[in-house]
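To start, the structure under review is shown below, and the notes come after it.
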Amino acid sequence: MKFGVVVFPGSNCDSDAYHVIKDVIGVDCEYVWHETRDLSDFQALVLPGGFSYGDYLRCGALARFSPVMDSVYRFVDEGKLVIGICNGFQILLEAGLLPGAMLSNNVLEFRCQWVNLRVENTKTPFTCLYEPGEVIRVPIAHHEGNYYAEPEVLEELERTGRVVLRYVDASGNPTAEANPNGAAHNIAGIINEKGNVFGLMPHPERCSESILGSRDGRRVFLSMIKSLETGALLS
Amino acid sequence: MKFKGTVTVWLKEGIFDPQGAAVKGSLEAMGFKEVEKVRIGKNIVISLDAENALEAKDLLEQMARKLLANPVTEAYRVHVEEEKAGAER
Amino acid sequence: MKFKGTVTVWLKEGIFDPQGAAVKGSLEAMGFKEVEKVRIGKNIVISLDAENALEAKDLLEQMARKLLANPVTEAYRVHVEEEKAGAER
Amino acid sequence: MAEISQTAPWREMGLKDSEYELIKERLGREPNYTELGMFAVLWSEHCAYKHSKPLLKTLPTKGPAVLVGPGENAGVVDIGDNLACAFKIESHNHPSAVEPYQGAATGIGGIVRDILAMGARPVLLLDSLRFGPPEDPKTKFLFGGVVSGIAGYGNCLGIPTVGGEVFFAKPYAGNPLVNVLCGGIMKHEDLHKGGAYGVGNVVMVVGHSTGRDGIHGCTFASDVLDDDSESKRINVQVGDPFMEKLLIEACLEMMACGAVVGIQDMGAAGLTSSCAETAARAGTGLVIDIGKVPMREEGMNAYEVMLSESQERMLLIVSADKVDEVKRIGAKWGLHAAEIGRVTDSGNLEVLHNGVLEASIPVSLLAMGAPEYTPEAREPEYLRKTREFSGESVRAPEFSEMKGILLKLLASPNIASKEPVFRQYDYMVRTDTVEGPGRGAAVLRIKGTKKGLVFTTDCNGRLVYLNPKAGAAWAVTEAALNVAVTGAKPLAITNCLNFGSPENPEVYWQLKEAVQGMAEACKALETPVTGGNVSLYNESDGEAIYPTPIVGMLGLCEDIEKRITPGFKNAGDLVAVLGKVWGDARSLSGSEYLEVAHGMVAGDPREPALDLARGIIEVLTECAREGVLSSAQDLSEGGLLVALAESCIHGEEGARGCAMSPKALGCGGREDIRADAMLFGETNTAVVVSFAASNEEQVAHICRQNNVPFAVIGRVQESALAVDTCGGLRVLEVPTDEIAHAYSHGLEDSLRG
Ligand SMILES: Nc1ncnc2c1ncn2[C@@H]1O[C@H](COP(=O)(O)OP(=O)(O)O)[C@@H](O)[C@H]1O
Ligand SMILES: [Mg+2]
């Protein structure tokens with residue numbers, strides 16, 4: 001099993017994701033330069049956080065036209081796993097691999113802080129090792145994480161269980177105060193219809209070792225490994 | 001021929017524009033009570049070569065659709081004029 | 001009377017626009033070889049109340065000078081029109 | 001040529017007549033316009049340290065761990081395991097005063113390139129900021145712009161901003177200070193230097209294209225701010241953090257492949273300084289053709305190209321056989337990597353423009369020939385008044401007022417939580433930040449080792465104003481204690497000397513005294529100075545800023561799992577003071593309490609007891625090794641009670657309170673003791689620690705061995721801070737929630753106010 005971490009010009013959480021997968025968890029992992037077109041070696045891809053192309057124009061908008069993205073579409077069609085973290089999520093939205101778009105945080109500031117998240121759906125290849133409704137602590141760090149989608153789209157996401165993570169308070173309630181950026185329905189992470197593309201604003205790779213204050217993020221990667229190993233949850 | 005295209009991009013009506021709201025707040029605090037609404041958009045000025053204005057406009061439309069505006073949240077308008085030599089911008 | 005003012009703000013000539021440069025690079029990579037230059041500015045649309053167009057324009061000039069444009073790096077232009085009832089923006 | 005001496009353009013460029021004469025004499029002819037411009041920038045205060053060099057020579061710069069001291073782009077310190085840390089602080093005050101966002105952003109860009117130039121990967125940033133009073137509208141504008149500029153640039157680079165300072169005081173109103181520190185890590189063998197070695201090697205420019213931005217930026221930085229500064233605004237450089245990120249990756253790759261003989265960032269004075277300095281270090285010469293420099297504007301002449309301060313560019317000296325490799329890496333990252341010249345043995349910097357000679361100057365004259373000045377120094381007049389302060393100058397508050405004073409201090413923007421600032425910084429990227437901003441010094445793990453890097457910046461300009469020598473020494477000891485309370489050993493410092501005009505004898509006196517104080521403290525604590533920066537002419541409307549010699553300190557934590565943190569851990573733990581709390585009127589000198597509660601800036605701060613500071617550092621490192629402490633926090637602004645309050649605020653659930661009495665500090669029988677001075681007086685040779693009662697004997701023993709006074713003053717409790725008098729009377733009891741509220745809202749409230 002091999003993970004690939006895509007490196008766009010301006011990616012800056014690439015080495016963090018690589019470190020967790022390779023050094024902390026111990027699964028084979030390689031960087032994938034954004035001009036690469038052959039992804040056949042990999043079973044799972046990480047689109048990491050950062051500022052691809054400086055996040056100029058709109059976050060993720062320019063990265064979407066990187067050569068690797070053609071292959072990413074095919075990779076997704078083949079049912080392999082793709083996780084987009086922060087900027088990676090923004091790229092997935094711009095690329096149309098997930099629905100919706102990101103607006104500026106309603107606080108109009110970059111926000112780096114810990115948040116509480118409720119795991120809404122554990123029947124995904126990215127969250128199968130969490131308990132349903134479990135509240136986890138994960139950091140965010142972004143300026144544009146205010147998720148927006150048209151009402152019909154939101155309704156469908158909710159109805160089909162595709163809202164995977166939601167910002168909540170310490171006791172698990174999705175309150176306005178617990179929403180750090182104004183995201184619709186307190187959405188922090190969503191999955192595509194097929195269930196193999198996951199985008200989230202929080203950074204699980206920043207909380208996968210106890211020395212960093214929480215290991216709550218590690219199970220995202222472990223879930224991916226488990227579902228790749230067992231083939232469960234993969235259509 | 002050289003053309004100067006301007007693609008104006010703005011948030012669709014109905015989508016809250018926090019930046020616009022903040023600017024409105026600041027303007028009010030500065031004493032501009034007359035302000036009713038503020039919306040902030042982008043103004044992308046592109047100098048380009050084309051056979052004629054029609055072709056220029058068509059190219060700009062394509063750029064706007066594919067890249068410059070996000071169809072989920074943004075609307076755009078394209079304007080083209082011939083580049084005046086030595087124009088200020 | 002209601003007016004719709006548009007303040008267009010752009011980086012002064014001679015000041016490097018990294019955003020514009022990056023967008024130009026992407027447009028070229030996408031095959032738009034005709035593009036010579038891209039500059040990205042802001043487009044601030046303000047609905048406001050004023051006695052007449054002259055007063056509206058004057059107010060907008062003040063807002064631009066005091067808040068909307070950074071005189072160090074940016075230049076601006078103000079445009080006013082009467083608000084059409086039910087206009088799209 | 002004759003017209004040069006008639007129109008005297010050097011004056012506008014910032015050169016004195018005598019300097020022009022010196023240039024003419026040493027050159028043996030009149031310089032042409034381009035050459036004159038090159039002299040003007042390199043002989044500016046910013047580049048040549050004309051007024052500070054003789055003083056800087058008195059700072060200690062050597063130590064067993066110092067691999068590279070001052071003179072290169074940044075200092076480098078050995079941290080064991082074949083690793084080294086490069087670090088340096090730099091100011092961007094003048095640009096930030098004029099355009100706060102871009103000024104601060106390009107400040108980050110510049111210091112990051114300095115670290116990169118040593119061959120290190122930049123891994124952390126700190127920002128040390130000074131503004132006018134928070135309620136001043138101009139402060140809001142500057143503060144907002146500076147903080148978002150640092151965030152905008154640093155976050156994009158993926159380098160965490162892990163700490164810093166923010167201090168507000170009137171003298172900074174027209175002239176804010178923006179000092180930024182960058183640290184980087186490398187293997188010993190990856191160390192690079194900025195020398196143009198090897199005749200025949202190739203000179204290359206890597207990174208951004210060159211435009212007309214920032215021409216004469218460094219002469220601007222050596223000028224006093226006035227209304228005219230507005231018109232200098234077109235000098236403003238715009239940062240492109242995306243380009244900088246690519247530049248970092250590309251340069252690291254170029255260095256890794258063994259192509260790079262010398263490397264230097266192009267900061268102030270751009271091509272001129274980078275060429276002159278690399279050649280001067282190597283004792284060689286360079287010939288470059290500026291027609292080969294990638295340009296972003298048309299029709300630029302030699303003068304403009306040589307003086308441009310366009311950002312995100314590096315000068316590389318490349319072995320002739322590796323040029324193609326460097327070009328290939330540049331292309332991979334989408335960067336210009338242009339061959340512009342060669343290393344020669346002429347000793348001259350020769351500038352051609354498409355083959356025509358435009359300038360030819362001996363590099364030693366350019367880089368090292370500027371005159372040095374030793375201006376007149378005179379003790380400032382104001383000190384006569386400020387030193388008159390005594391116990392009689394301020395009324396001692398009633399016990400009933402203490403709670404109000406404590407809450408007011410905690411909410412004071414200089415003490416209150418800086419979270420509204422650092423939550424805008426990505427301080428977690430790279431996943432090494434073990435202790436981030438908000439809890440004292442930053443602690444970063446070093447992957448693959450057990451070790452941690454510890455960083456802090458410190459300086460209280462108010463204290464330096466009242467006693468420059470004591471205040472500067474104080475900045476060093478405060479930084480050292482900040483590092484030591486984590487259990488780490490202070491290793492070395494970098495510094496940025498922010499002062500007014502050295503041509504004012506009173507300011508020069510401040511500078512001289514401060515450097516002396518810094519030198520003495522660094523010697524005593526064995527923390528050599530590995531580099532730094534001098535920013536003079538920080539004045540507005542004829543008023544100088546508080547003299548502000550900022551200290552950036554590096555410490556090393558041998559075992560990161562054994563680090564100590566500031567919050568209380570267990571109810572019932574004993575709380576003790578290690579060191580000396582004076583409790584007398586003099587300890588109120590320059591204190592936050594005196595300004596916040598009495599509206600006074602007065603007194604004569606004591607020089608820190610350096611032996612005692614050394615002892616405390618020993619005690620803390622030994623306690624960390626033995627694992628006997630639960631928490632440690634140093635005393636700084638706000639004194640003992642604020643330090644205790646902070647340990648409560650950061651305390652673990654169930655251990656967020658403390659009951660204390662100053663009795664053990666020896667209040668009985670002393671005439672000079674006052675309650676306000678005991679609780680709020682400032683000293684920097686004391687820390688408060690907590691530990692399990694069973695460890696008391698061991699902690700006391702370690703203190704005795706190091707001649708450090710040790711006094712148990714109370715116990716950790718659940719959720720309130722309480723103070724009893726020596727006589728046992730409870731005079732204060734505040735729920736920690738109330739304390740935390742004042743502390744966390746203070747900054748935003750005062751900026752709103
Ligand atoms: N501008 C800033 N940027 C990042 N962190 C900051 C900034 N200002 C203060 N901090 C953080 O807030 C905490 C308190 O700062 P300060 O009061 O200066 O601490 P200390 O008294 O320990 O020197 C420290 O952890 C510091 O790093
Ligand atoms: Mg401090």
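The basis for the numbers below is simple: all heavy atoms, side chains too, and nothing from hydrogens, waters or symmetry mates.
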Between chain C and chain A, donor-acceptor distances below 3.5 angstrom:
from: C:Gln19; atom 1: OE1; to: A:Leu57; atom 2: N; distance (Å): 2.6

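- Contact of C:Ala22 with chain A is made through backbone and side chain together, with heavy-atom distances under 4.5 Å.
- Across every non-hydrogen atom of C:Val23 and A:Leu57, the tightest pair is CG2-CB, 3.8 Å.
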